[in-house]
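Naming: A, B, ... by sequence-line order, numbering from 1 per chain.
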Amino acid sequence: MKLQQDIDIFAEEIDPEVRESVYGTSKLKISKRADILSKDFEDANVVRKMAGLVKQHTIENLPKYLAQAEESFTRNGVVVHWAADGEEANQIVLDIMKKRNARKVVKSKSMVTEETHLVPFLEKNGMEAVETDLGEYIVQIDGDTPSHIVTPIIHKNRRQVGRSFEREGLGPYSEDPETLTNMARVHLRQKYLDADVGITGANFVVAESGRIAIVTNEGNARFSMAATKTHIAMVGIEKLVPRDEDLGLMLSILSRSSTGQRITVYTQFISGPKVEAQEEGPEEMHVIFLDNGRSDVLASDCREILRCIRCGACLNTCPVYRQTSGHAYRAVYPGPVGSVLSPLINRHGFAPLADLPKASSLCGACQEVCPVNIPIPDLLVRLRNKGKTEEAERASINTPGFGVWAMAASSPSIWKSGLTMGNALNWVPKALLSVEPSARSWQKTRDLPEFKGGDFRAWLKERKRGKQ
Amino acid sequence: MITPSVNGTRINFMATCLCDSFYSDVAKAAYQVLEHVGCEIDFPEGQTCCGQPAHNAGDWKNARKVVKHNLDTFAGDAPVIIPSGSCAAMNRHGAMLCMEEDSRLEEAKGLASRSWELCEFLVESLGVETWPGTFRKKVALHRSCHTRGTKSYESAVKLLSAINGLELVEVGELDQCCGFGGTFCVSFPNVSKKMGQLKIQHLIEKIPDVVASLDMACMLHFGGMMDRQKITTPRMHVSQILLAALESTRKGGSV
Ligand code: SF4
């Protein structure tokens with residue numbers, strides 16, 4: 001039996017530079033978010049709740065809207081594919097490429113393709129796949145993984161990026177963000193021109209119109225479609241919204257929550273391959289709907305997590321994430337959203353990630369910032385109950401048992417005699433202290449106040465006597 | 001979360017297990033504050049704990065046992081007043097969650113609708129707007145996480161601000177958790193410690209005379225850390241400050 005939670009070990013051993021980057025950036029984003037929301041809305045909570053209702057309605061009627069989306073896409077000349085899991089989704093991409101004799105892919109940022117490990121899969125099959133989002137590109141050349149769903153290199157500083165670019169021969173060492181961005185731009189421009197296929201995700205998919213919306217700040221999604229002949233969008237089945245009209249609400253709360261911007265630099269609406277009047281653009285467009293465990297989540301008591309629009313605000317505000325970084329979570333989706341979603345869609349089952357829902361003080365900061373008002377703390381506690389019920393070992397590390405405590409706390413006579421005799425210590429903080437490692441863990445950094453069991457009750461008796 | 005509604009001023013006082021066993025002075029202070037505003041107070045002797053430790057740890061089976069005990073102990077329709085945001089949140093929200101498939105869910109909803117954190121009860125329900133007395137100190141007020149979504153923190157600020165001589169100092173990153181989180185603080189001791197350290201820095205940054213909280217659970221943790229580090233800034237529950245101010249009027253002098 002392990003004696004320490006992996007995430008806690010990670011926090012202990014984290015490189016101070018990494019921790020500084022993660023902490024500083026996430027804190028800054030949260031304050032920008034708060035500023036813009038309070039400036040622009042009388043009560044941002046109303047907007048969050050409204051957006052939450054739209055998404056809740058959508059996931060509760062998902063089969064209907066998925067069917068509608070397929071119809072709309074088909075009408076627009078888009079080929080729709082359905083993938084039960086990541087392998088199927090990747091294979092669909094490969095098949096499309098082979099059919100077109102394509103070899104080169106430019107890809108814009110998409111968490112779903114991280115989830116399916118698309119890029120390594122394509123590379124293994126002899127394709128050249130380049131990430132075009134600056135952060136994802138750096139992750140790719142460093143052989144790293146993203147540590148944040150919006151800011152993949154939140155754990156790196158510009159000195160590290162400068163060294164990576166120098167190593168890859170993009171130019172001489174520099175720490176200047178603008179110089180670094182320019183180096184990447186020059187390098188990536190050629191990749192866009194050479195590529196056969198552009199792969200994107202989507203932030204929203206509109207069922208009624210078969211339109212997808214993609215937001216970026218670098219315009220790379222747009223470039224990924226400029227020179228390529230084939231556009232493939234891989235999206236989770238939960239990405240739907242019913243109507244075009246809903247995009248107004250969704251986009252305005254997404255960018256504000258995510259980066260503190262009123263609107264991202266680029267917002268693209270794509271509803272099919274190029275039409276005749278257009279000179280350029282992809283001749284073919286494919287949408288791959290990925291399930292990968294989402295149907296099971298929908299059937300569970302944690303379905304609200306499917307409202308998520310991947311803004312990253314819950315990561316930014318989470319005190320645990322800020323201390324540990326995304327890599328501590330051992331999953332593609334880290335932070336509060338990941339602590340719910342990752343164990344539920346894990347291909348190896350819930351148990352290996354059953355510690356994630358425990359890695360939270362249940363402070364509720366995540367729900368407070370979530371643009372779709374997901375009750376994340378409730379879902380975390382539900383999953384703790386699941387971990388306990390299923391006896392997942394990782395969920396139980398350093399969590400004391402509650403049997404004796406529950407017995408005492410539901411029988412007043414035991415409780416009271418315990419209070420006066422002092423052995424309440426054995427169960428009041430038993431919840432915290434009874435198990436040996438827990439007790440040591442408490443005492444390592446904290447003193448315990450003086451025990452005063454029964455004192456209040458004795459005082460009260462006196463007081464009542466005095467008043468009679 | 002169910003928003004409570006009040007039914008008269010006859011109330012049940014729920015002292016909480018932490019005050020019952022460690023912080024008896026807080027329970028006494030809260031009790032006297034309630035007396036001062038004219039409540040007729042019952043203290044059901046059978047009370048133990050709200051059940052939150054097991055609930056949050058995910059042991060809902062054991063949590064339900066304790067919640068049901070509370071449904072018996074606090075039966076009826078009198079409001080239940082609690083000097084802790086966290087235990088109030090358990091009654092108002094957590095209990096309904098772990099009881100959602102239990103036949104006594106309706107009773108749990110009933111308890112939720114009449115459970116209050118002390119300060120929110122004073123301001124939002126009884127309409128207390130001012131507070132008599134003097135307390136000439138600089139106070140750093142910790143915003144306990146489990147008062148999110150309620151008016152407790154704002155209520156405490158309102159009451160404290162009304163006290164003559166009391167100055168509330170700014171606390172940085174108010175929305176950040178202190179790192180207690182029940183069993184979290186022993187399951188994830190390093191993360192908890194780092195969170196606690198940040199919280200302590202923010203709380204004492206403006207050199208307050210007193211660090212105050214609405215919740216002794218947070219203080220058990222960060223106060224324990226302060227003690228270990230010999231940080232001697234006095235710590236008080238908000239009700240203790242309210243009581244000190246009251247007592248200043250009785251003495252006819254100022255604190
Ligand atoms: S759970 Fe909410 S806050 Fe977190 S990423 Fe998703 S939408 Fe954003």
Side-chain angles (χ1 to χ4, degrees), chain A residues 5 7-9 11-12 27 317 319-320 323-324 358-365 368 378 381-388 395 397-400 402-403 405-406 408-410 412 415-416 419 424-425 428 431-433 438 441-442 444-453 455-457 459-460, chain B residues 15 17-24 27-28 31 43 45-49 51 53-60 62-63 65-66 68-69 73 94 97-98 145-146 148-149 173 175-177 179-196 220-221 223-225 227-228:
Chain A
Q5 290 280 10
I7 293 178
D8 200 51
I9 299 174
E12 194 176 8
K27 189 177 154 186
T317 199
V320 178
Q323 296 294 346
T324 56
K358 307 280 287 200
S360 161
S361 61
L362 301 177
C363 72
E368 208 168 58
D378 286 0
V381 189
R382 281 186 198 284
L383 291 181
R384 292 177 182 192
N385 180 45
K386 178 179 163 76
K388 171 83 185 164
I397 300 170
N398 272 351
T399 300
F402 286 92
W405 167 85
S410 51
W415 185 267
K416 257 196 280 183
L419 279 179
L425 258 186
V428 174
L432 304 171
L433 307 175
S438 318
S441 177
W442 174 273
K444 221 168 121 186
T445 45
R446 315 165 186 94
D447 287 346
L448 207 56
E450 189 191 340
F451 184 72
K452 290 190 178 163
D455 184 49
F456 171 67
R457 293 178 191 237
W459 172 87
L460 189 58
Chain B
C17 69
L18 275 184
C19 293
D20 214 355
S21 49
F22 291 115
Y23 301 109
S24 53
K28 292 175 198 170
Y31 192 92
F43 177 80
E45 283 280 325
Q47 62 181 277
T48 57
C49 167
H55 174 78
N56 283 3
D59 189 344
W60 285 13
N62 278 315
K65 256 192 217 168
V66 181
K68 286 179 196 171
H69 171 68
T73 311
L97 206 59
C98 66
C145 289
H146 285 172
R148 284 177 211 268
E173 295 199 78
D175 64 327
Q176 286 284 299
C177 172
F180 175 61
T183 52
F184 169 79
C185 76
V186 287
S187 319
F188 295 82
N190 285 301
V191 185
S192 168
K193 181 179 76 187
K194 291 181 179 202
M195 288 163 68
L220 180 73
H221 155 71
M225 281 183 72
D227 286 344
R228 175 61 53 90

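With respect to chain A, the highest number of heavy-atom pairs below 4.5 Å among B/D175, B/D227, B/N56 belongs to B/N56. Annotation: maximal heavy-atom pairing with chain B below 4.5 Å, among A/I7, A/L460, A/V320, occurs at A/L460. Contact count against chain B (heavy-atom pairs under 4.5 Å) is highest for A/D378 among A/I9, A/T324, A/D378, A/T317. Options B/A63, B/G51, B/G179 differ in how many heavy-atom pairs under 4.5 Å they form with chain A, and the most are formed by B/G51. Interface check for chain B: of the options A/G364, A/A365, A/S361, the most heavy-atom pairs under 4.5 Å are formed by A/S361. Between chain B and the options A/A11, A/S360, A/A406, A/C363, heavy-atom pairs under 4.5 Å are most frequent for A/C363. If you tally non-hydrogen atom pairs under 4.5 Å between each of B/S187, B/G46, B/C19 and chain A, the highest count goes to B/S187.
Both the backbone and the side chain of A/A359 come within less than 4.5 Å of a heavy atom of chain B. For chain A, the nearby parts of B/E45 are the backbone and the side chain; heavy atoms of each come within less than 4.5 Å. With a 4.5 angstrom heavy-atom cutoff, A/E450 touches chain B only via backbone atoms. In this structure, chain B has a heavy atom under 4.5 Å from the side chain of A/K27, while its backbone stays farther away. For B/A15, the part lying under 4.5 angstrom from a heavy atom of chain A is the side chain only.
Minimum interatomic distance between A/K388 and B/G58 (heavy atoms only, all atoms of both residues): CB-O, 3.4 Å. Minimum heavy-atom separation, B/H146 to A/L362: NE2-O, 3.1 Å. Minimum interatomic distance between A/S410 and B/H69 (heavy atoms only, all atoms of both residues): O-ND1, 3.6 Å. Heavy atoms only, all atoms of each residue included: B/T48 and A/P412 are closest at CG2-CA, 4.5 Å. Counting all heavy atoms, side chain and backbone alike, A/D455 lies closest to B/S24 at OD2-OG, 2.6 Å.
Listed for the A/K358 side chain is a donor-acceptor partner under 3.5 Å among the backbone atoms of B/A57. Although no hydrogens or angles enter the test, the distance criterion places a donor-acceptor pair under 3.5 Å between the side chain of A/D8 and the main chain of B/V191.
With rounding to the nearest 0.5 Å, the separation of CZ in B/R228 from CZ in A/R446 is 9.5 Å. Of the inter-residue distances, the one linking A/F456 atom CZ with B/S21 atom OG reads 12.5 Å to the nearest 0.5 angstrom.
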*Please step through side chain to side chain contact (heavy atoms under 4.5 Å, CB included) for the pair B/N190 and A/Q323, ending with a clear verdict.*
CA-CA 9 Å; B/N190 285 301; A/Q323 296 294 346; over 6 Å; no

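No side-chain donor-acceptor contact under 3.5 Å links B/T183 and A/R384.
With contacts defined as side-chain heavy-atom distances shorter than 4.5 Å, the pair A/R457/B/D20 qualifies.
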